[in-house]
Protein chains: 2
Amino acid sequence: MTAASRPATILEVAHLAGVSKTSVSRYYSGERERLSATMQERISAAAEQVGYHPNPLARSLKGGPSGLVGMLVADIRNPFSVAIMHGLEQACRQAGLSLMVCNSDNDPDQERQQLAMMSSWRIEGLVVNAAGCHSDALRQFVTSGTPVVLLDRSLADVQVDEVGLDNTAAIDMAIDHLVAQGYSRLLYITEPPAQASSRQARLARFESRCAGQGLDATILCTELHDQQALDQRLRALAPVVSHARPAILCANGQVTLAVAHRMRALDLRSGEIGLIGIDELDWCGLTEPGITTLAQPTDAIGQAAIDCLRTRQHDRSADRQYRAFAPQLIQRGSTQPPASH
Amino acid sequence: MTAASRPATILEVAHLAGVSKTSVSRYYSGERERLSATMQERISAAAEQVGYHPNPLARSLKGGPSGLVGMLVADIRNPFSVAIMHGLEQACRQAGLSLMVCNSDNDPDQERQQLAMMSSWRIEGLVVNAAGCHSDALRQFVTSGTPVVLLDRSLADVQVDEVGLDNTAAIDMAIDHLVAQGYSRLLYITEPPAQASSRQARLARFESRCAGQGLDATILCTELHDQQALDQRLRALAPVVSHARPAILCANGQVTLAVAHRMRALDLRSGEIGLIGIDELDWCGLTEPGITTLAQPTDAIGQAAIDCLRTRQHDRSADRQYRAFAPQLIQRGSTQPPASH
DNA sequence: TTGTACGCGTTATCAA
DNA sequence: TTGATAACGCGTACAA
């Protein structure tokens, strides 16, 4: 491969190999079988010599596959989003795809713009992990033949594939664990569900499950920057009576972080007050006595999202997929009540 | 804006506006002044009506600016990288650019491939935050006219712009703080510097500064998964004698995390043993008694990187830039020695 | 000031 | 099995 200031084109390869550019194109478009053995060799050799790689720009301008996958995230700094992104990126790489990441910083206007931008880049597939998502914009993608996968979200008015946590299993697992550990007064803390379906699903399951088991359960639904709301409920939880230990279930990693902060500020000891959170975080083993979590298999989720895209690409009318992954319990001290009496 | 199954082209706008496509092209290529007022209005109206957006594919195929910026990261899960990515993304958005993120997972082969891929997408600029970076590949970008910015790294054999932390200032700030707080036996913990110039710079400054001040300083240079090495040195540090308090300086966030884990496992109390780390992390206020850090202005760094790219784009032979940002001390309990006597 | 014609690198449609 | 030719959407000489 000779280093060229300008990348080699299909034409140069064709000339060097003494064949037409059509043949070279065929060689790279998965129609090698239709070429004679000699031709295949000559093309391969010529391409090697000039260091040829098909130009994805020209390819997708012509309407071919772009090899680009778009990801729309509401908050790129959310560790969960990062973990998923890692999974996606890995899967893309394996599939020879490139990933275009767009962060909307929770701004619907940005989202619109980002979607338009990705559309103009003719992405082959779109993975969405954003809340206030414009159904109409998404539908545009779908109708124009671009597969869309919703991550950890679902939208009532747009029918696309969905991948995420098995929220029911997660909530059940959390409650079962808390109960088994001797906690019976449960407080569920979540950000306002609003558009985020997974928040809704988790909340709903928590309510019905607790009702079913006759547990003493309450719910705090608040923005995380609202310290007052948080502090008030945490304090109310504090009087620990041995026959009805209280515990907190955090709906996601951001909540866990906020709660851990406030508990420390209020000098509440986890363990005494049970604490379990959905989403595993780097530091959960660090705080005394460690925070029990339900880890999501983020790499698998990312992989599944890409799988969905590719499946639908090959069969545009495939059945709508809904893949839910079970979490893994990582038990730490925060759900270990101190020996009583 | 009417929803169209196929995106509008420049030609449709031209027809609708009753002008030539050349004029429409000019309108979108920053030559509006050369068009008559009436024409500008007609074009604007027509474009609005059909929802026209210039096709970046066609634009860059022709050799024009692609509006794409590439980012190569060695470890997408590193919180520092994420923070920088956020800054980059923000800056890109403001500048109307799109960001293509490539993660190499610390694999040089992947890096090569990713670089080739970005090159084939005709990125307008490249931001690199990766260690074992192939200088030759980078030089290819530079010679082909694509600006390259090195993030938190520098390469001896390739002359490109660099943006990152002011390592000297950071180390000085950390040492000054530790000394002011009454610590005098310093242990610097870092991952092997190898290719990473910022690690080298920090380490070198630590050595020279401590030598200059006659401080009792030692260095541990280890892979973070090597628990033994870590534990051994931490234990050796433990005997706290009041006239020579020990303190640890962590070279970056990953080190801080590892050290915090091991200190907890060994039941070493920070504060008694001083602890300060470069890079601010979500959870540093959570562990008892909180970890003092030097926060990098990551958004500013991201912004600066994009600025560099754009500057060089307009003046390819501009002076090589080297922008170093000072960190901010965030003081917490880990550098607050307990009252003695 | 505005329009015509060509080329960017590729693929699809033909005809050989 | 191969090759010539026309798009894809845009920028830009050049001519008007």
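It should be emphasised that the depicted structure is a prediction, and the values quoted were computed from it without experimental measurement. Hydrogens, waters and symmetry mates are skipped; everything else that's a heavy atom, side chains included, is used. Chain identifiers are assigned alphabetically (A, B, ...) following the order of the sequence lines, protein sequences preceding nucleic acid strands; residue numbering begins at 1 within each chain.
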May I have the distance from [X] (atom [atom1]) to [N] (atom [atom2]), rounded to whole angstrom?
| X | N | atom1 | atom2 | result |
| --- | --- | --- | --- | --- |
| Asn55(A) | dG7(C) | CG | C1' | 14 Å |
| Leu57(B) | dT10(C) | CG | P | 13 Å |
| His53(B) | dG9(D) | NE2 | P | 16 Å |
| Arg122(B) | dC10(D) | CZ | C1' | 16 Å |
| Tyr28(A) | dG9(C) | OH | P | 16 Å |
| Tyr27(A) | dT2(D) | OH | C1' | 17 Å |
| Arg59(B) | dG7(C) | CZ | P | 22 Å |
| Leu61(A) | dA6(D) | CG | P | 18 Å |

Base, sugar-phosphate, or nothing for [X], non-hydrogen atoms under 4.0 angstrom?
| X | result |
| --- | --- |
| Arg34(A) | base |
| Leu35(A) | sugar-phosphate |
| Ser29(B) | sugar-phosphate |
| Thr9(B) | sugar-phosphate |
| Ser23(A) | sugar-phosphate |

Check: Heavy-atom distance under 4.5 Å between the side chains of Val128(A) and Val160(A), does that happen here?
Finding: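 With C-beta onward as the side chain, the pair stays apart.
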
Note to self: For Asp319(A), is the CG atom crowded, meaning more than 12 foreign heavy atoms sit under 6.0 Å from it?
What the structure shows: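 No, not enclosed.
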
Checklist line | Heavy atoms of other groups near Glu41(B) CD, more than 12 under 6.0 Å | finding: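 Not buried by this count: 12 neighbours or fewer within 6.0 Å.
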
Note to self: Assess the residue pair Arg310(B) and Glu124(B) against the criterion (salt bridge (Lys or Arg N to Asp or Glu O under 4.0 Å)); give the C-alpha distance rounded to whole Å, side-chain angles, the decisive distance to 0.1 Å, and a yes or no.
What the structure shows: CA-CA 9 Å; Arg310(B) 312 204 83 197; Glu124(B) 264 182 71; 5.9 Å; no

Margin query: Between Lys21(B) and Gly63(B), which residue's closest nucleotide on DNA chain C lies nearer the 5′ terminus?
Written below: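 Mapping each residue to its closest nucleotide by heavy atoms, the 5'-most match is Lys21(B).
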
From the options [options], select the nucleotide whose nearest atom is closest to the side chain of [X].
| X | options | result |
| --- | --- | --- |
| Ala58(A) | dC8(C), dC10(D), dT10(C) | dT10(C) |
| Arg26(B) | dG3(C), dG9(C), dA4(D) | dG3(C) |
| Ile10(B) | dG11(D), dG9(C), dT10(C) | dG11(D) |
| Lys62(B) | dG11(D), dA7(D), dT2(D) | dG11(D) |

Margin query: Both Ser36(A) and Thr22(B) contact DNA chain D. Taking the nearest nucleotide for each, which residue is further toward the 5' end?
Written below: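 Per heavy-atom nearest nucleotide, the more 5' residue is Ser36(A).
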
Check: Does the dA12(C) base have a donor-acceptor partner in the side chain of Ser25(A) within less than 3.5 Å?
Finding: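 Absent.
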
Note to self: On a heavy-atom basis, which atom in Arg59(A) and which in Ser29(A) lie closest, and how many Å separate them?
What the structure shows: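 Closest approach of Arg59(A) to Ser29(A), heavy atoms only: NH1-OG, 4.1 Å.
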
